[in-house]
Amino acid sequence: MGDQPVRVLVCGDVEGRLSSLFNRVQAIQKKTGQFDLLLCVGEFFGVTPEAEAEWQQYKTGAKKAPIQTYILGAASQETVKNFPSSDGSELAENITYLGRRGVFTGASGLQLAYVGGREALQEPAPAHCFTSKDLSTLVNSLTSSSKFRGVDILLTSQWPRGVWQYGNNPEVNTKSCGSSSIASLADKLKPRYHFAALEGAHYERLPYRNHVVLQENAQHVSRFIALATVNNPAKKKYLYAFNIVPMKSMDPTELVKQPQDVTESPYRRSANDKTETQKPPFSTTEEEEPVHQFFFDLSRKQGGAPRGRGGKRPSDGRGRDGHFQGQPKQPRRHPQPTGPCWFCLASPQVEKHLVVSIGTHCYLALAKGPLTPRHVLILPIGHYQSVVELSSDVVEEMEKYKSALRDFYKSKGERCILFERNYRSQHLQLQVVPVPLNRCTTEDIKEAFMVQAQEQNMELMEIPQHTDLKQIAPPGTPYFYVELDSGEKLYYRIQKNFPLQFGREVLASEAVLNIPTRADWKECKQSREEEDDSCKQLRDDFQPYDFAWDD
């Protein structure tokens with residue numbers, strides 16, 4: 001992974017000409033080898049019946065994009081219908097919508113920021129537009145870190161206004177081209193590469209520096225590249241290929257090297273230049289909402305169970321911080337299965353003697369054939385298939401159980417590892433396995449997952465701890481997911497033939513728990529009496545940490 005460059009293709013407005021684009025990409029890959037990803041700026045969808053028919057072929061799977069393709073959102077009202085929401089999602093195999101704005105990064109370390117659509121000129125903003133709040137949230141999410149030096153790539157549909165200042169001139173009407181807010185965004189995010197479209201023109205600006213010579217420490221240069229429309233009759237360049245070593249992997253002296261043709265920044269006007277207002281087009285102190293983040297690997301390489309003395313605490317209308325929030329919410333009716341389910345708490349099939357704790361929306365149960373005596377499952381009481389389908393109140397209580405288990409395991413000298421397999425299972429089971437601190441480090445566990453995945457030709461990607469899984473795995477997506485005690489998360493989009501015991505096999509391996517004979521739960525089955533004893537012991541031990549227990 002280290003200094004390996006990521007091979008990237010970027011294209012301008014596709015406008016529905018998918019086959020033209022992908023045929024060109026295939027021809028390039030045949031000639032020069034595989035690229036890691038294709039990024040599309042500008043308008044991806046077309047509005048003609050032909051464009052719609054072509055898209056349906058990819059949407060239904062009749063055709064498939066030959067490369068992982070990431071697109072920006074609608075840049076006009078006519079194409080909004082192609083995007084299910086402002087949140088990112090997979091629209092077809094190998095074609096992913098990033099979302100209205102956010103960050104996209106990966107295990108390779110490549111960091112990419114993006115904003116789709118056009119600048120809103122009115123409130124409320126139309127669906128194909130971004131607002132100053134979108135931009136300030138994005139900037140704050142990145143620049144709040146003291147280690148922030150810039151992003152590797154910035155994708156916007158609109159050009160930054162005035163990008164041509166101090167540089168070579170583009171073939172566009174500079175009086176009406178571009179957005180001042182995008183210019184301010186580029187100034188703040190300091191991208192090494194900034195791509196845009198919408199103007200039907202190809203323009204590669206001379207690189208510009210991000211520091212004032214002799215007044216500030218040297219920083220990397222930025223390059224702005226605008227791309228034309230796919231298959232345009234004038235044969236203007238619409239596809240750009242380059243290799244990039246992620247900034248975080250580069251030697252600092254190598255990163256800040258200045259090419260001979262570097263210019264001043266087009267966005268830093270001198271004190272004498274008053275031709276444009278000095279007030280920033282957007283503030284970075286507005287009330288924030290979470291920035292959408294995508295993280296992909298771009299590198300190559302049981303009702304009725306005993307509860308002890310108490311039951312659930314009655315709701316007194318207090319929030320998690322103890323403050324009153326007014327009328328307490330009534331819990332929603334739990335979703336019900338369409339057929340028999342072994343894990344729905346109301347189901348006659350559920351093994352209630354294994355239940356350790358019951359909350360309002362979730363319950364805790366001893367795992368069947370556990371890897372270790374304290375191996376448990378967190379399950380929703382209602383019928384949900386995966387974490388990404390849970391409602392917010394269920395997610396909140398699931399997080400409380402996770403936190404309680406982490407504290408419980410810590411008291412026993414253990415670290416908490418969680419995993420979920422959303423594949424060939426009808427009811428969500430979040431497996432929680434304690435690993436003794438003196439057995440191995442978190443890094444050892446992470447490596448064990450990575451190595452075993454690699455051996456089975458599976459690519460586990462790393463996603464940061466504050467990223468919502470729903471952004472990468474829309475409901476219905478088969479996946480495998482791991483959460484380490486460090487907060488690091490690993491994710492694999494299941495294609496086919498996924499080994500059902502994979503999570504257990506890794507944790508049972510020599511590198512982690514060193515109990516390989518317990519990898520298959522069927523080999524670890526206990527008698528009913530043993531299960532009763534194990535569960536009673538666990539229930540008693542966990543009771544001081546159980547928030548569902550009366551004081």
Side-chain angles (χ1 to χ4, degrees), residues 302-308 310-316 318-321 328-337 341-368 370 374-409 416-422 425-434 465 468-470 473 475 479 481-483 485 487 489 503 534-535 538-551:
Q302 310 193 13
R307 300 182 52 93
K312 291 193 293 288
R313 288 194 183 104
S315 171
D316 61 358
R318 291 179 190 265
R320 296 178 75 178
D321 57 1
K329 285 194 294 187
Q330 293 300 313
R332 296 179 196 157
R333 186 171 178 271
H334 297 300
Q336 301 300 310
C341 177
W342 288 96
F343 298 102
C344 283
L345 198 52
S347 165
Q349 285 85 12
V350 77
E351 299 195 56
K352 293 184 173 63
H353 67 287
L354 296 175
V355 174
V356 175
S357 167
I358 306 174
T360 308
H361 306 285
C362 302
Y363 71 102
L364 208 61
L366 178 69
K368 194 86 172 162
R374 287 184 282 274
H375 174 184
V376 297
L377 308 177
I378 306 176
L379 306 113
I381 293 173
H383 191 72
Y384 295 91
Q385 187 170 337
S386 68
V387 163
V388 300
E389 293 177 8
L390 297 179
S391 58
S392 57
D393 41 10
V394 186
V395 170
E396 189 176 335
E397 190 167 272
M398 191 165 271
E399 290 299 325
K400 286 173 78 173
Y401 268 122
K402 284 186 194 177
S403 181
L405 285 166
R406 287 189 192 106
D407 292 344
F408 172 50
Y409 291 154
C416 178
I417 308 298
L418 301 98
F419 67 89
E420 180 200 359
R421 167 177 55 84
N422 181 29
S425 57
Q426 60 162 333
H427 190 111
L428 161 61
Q429 304 156 54
L430 192 60
Q431 307 266 349
V432 193
V433 182
Q465 66 188 88
D468 190 348
L469 195 60
K470 290 181 182 181
Y479 64 82
Y481 165 78
V482 185
E483 197 172 317
D485 63 307
K489 300 174 184 178
S534 298
C535 196
L538 183 56
R539 205 179 292 126
D540 290 345
D541 286 355
F542 180 65
Q543 186 262 316
Y545 303 88
D546 189 355
F547 60 87
W549 195 283
D550 277 340
D551 289 323

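This chain uses plain numbering: 1 for the first residue, then up along the sequence. Predicted, not measured: the structure shown is a model, and the values here were computed from it.
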Is there a side-chain contact between [X] and [Y], using heavy atoms and a 4.5 Å cut-off?
| X | Y | value |
| --- | --- | --- |
| Glu396 | Thr360 | no |
| Val432 | His375 | no |
| Phe542 | Val376 | no |
| Leu405 | Leu364 | yes |
| Ile358 | Ile381 | yes |
| Pro380 | His427 | yes |

What's the separation between atom [atom1] in [X] and atom [atom2] in [Y], rounded to the nearest 0.5 Å?
| X | Y | atom1 | atom2 | result |
| --- | --- | --- | --- | --- |
| Tyr384 | Asn422 | OH | CG | 15.0 Å |
| Leu366 | His353 | CG | NE2 | 8.0 Å |
| Tyr479 | Ser386 | OH | OG | 4.0 Å |
| Asp393 | Cys362 | CG | SG | 9.0 Å |
| Tyr409 | Asp485 | OH | CG | 12.0 Å |
| His361 | Lys400 | NE2 | NZ | 9.0 Å |

If I compare all heavy atoms of [X] with all of [Y], which pair ends up nearest, and what's the gap?
| X | Y | result |
| --- | --- | --- |
| Ala548 | Gly359 | CB-CA, 4.2 Å |
| Arg539 | Val356 | CG-O, 3.3 Å |
| Leu379 | Ala365 | CD1-CB, 3.9 Å |
| Tyr481 | Leu469 | CD1-CD1, 3.7 Å |

* Asked: So Glu420 and Val388, side-chain contact (heavy atoms from CB on, under 4.5 Å) or not? Walk me through it.
  -> CA-CA 11 Å; Glu420 180 200 359; Val388 300; over 6 Å; no
* Would you call the rings of Tyr545 and Phe408 parallel, tilted or perpendicular if under 30° counts as parallel and over 60° as perpendicular? -> tilted
* Look at the side chain of Arg421 and the backbone N and O of Gln429, then say whether any donor-acceptor pair between them is shorter than 3.5 Å. =>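 No, because the side chain of Arg421 does not come within donor-acceptor range (under 3.5 Å) of the backbone of Gln429.
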* **Tyr401 ring center within less than 6.0 Å of Tyr363 ring center** =>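 No: the rings miss the under 6.0 Å criterion.
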* What do the steps show when you test Val482 against Lys489 for side-chain contact (heavy atoms from CB on, under 4.5 Å), and what is the final call? -> CA-CA 6 Å; Val482 185; Lys489 300 174 184 178; over 6 Å; no
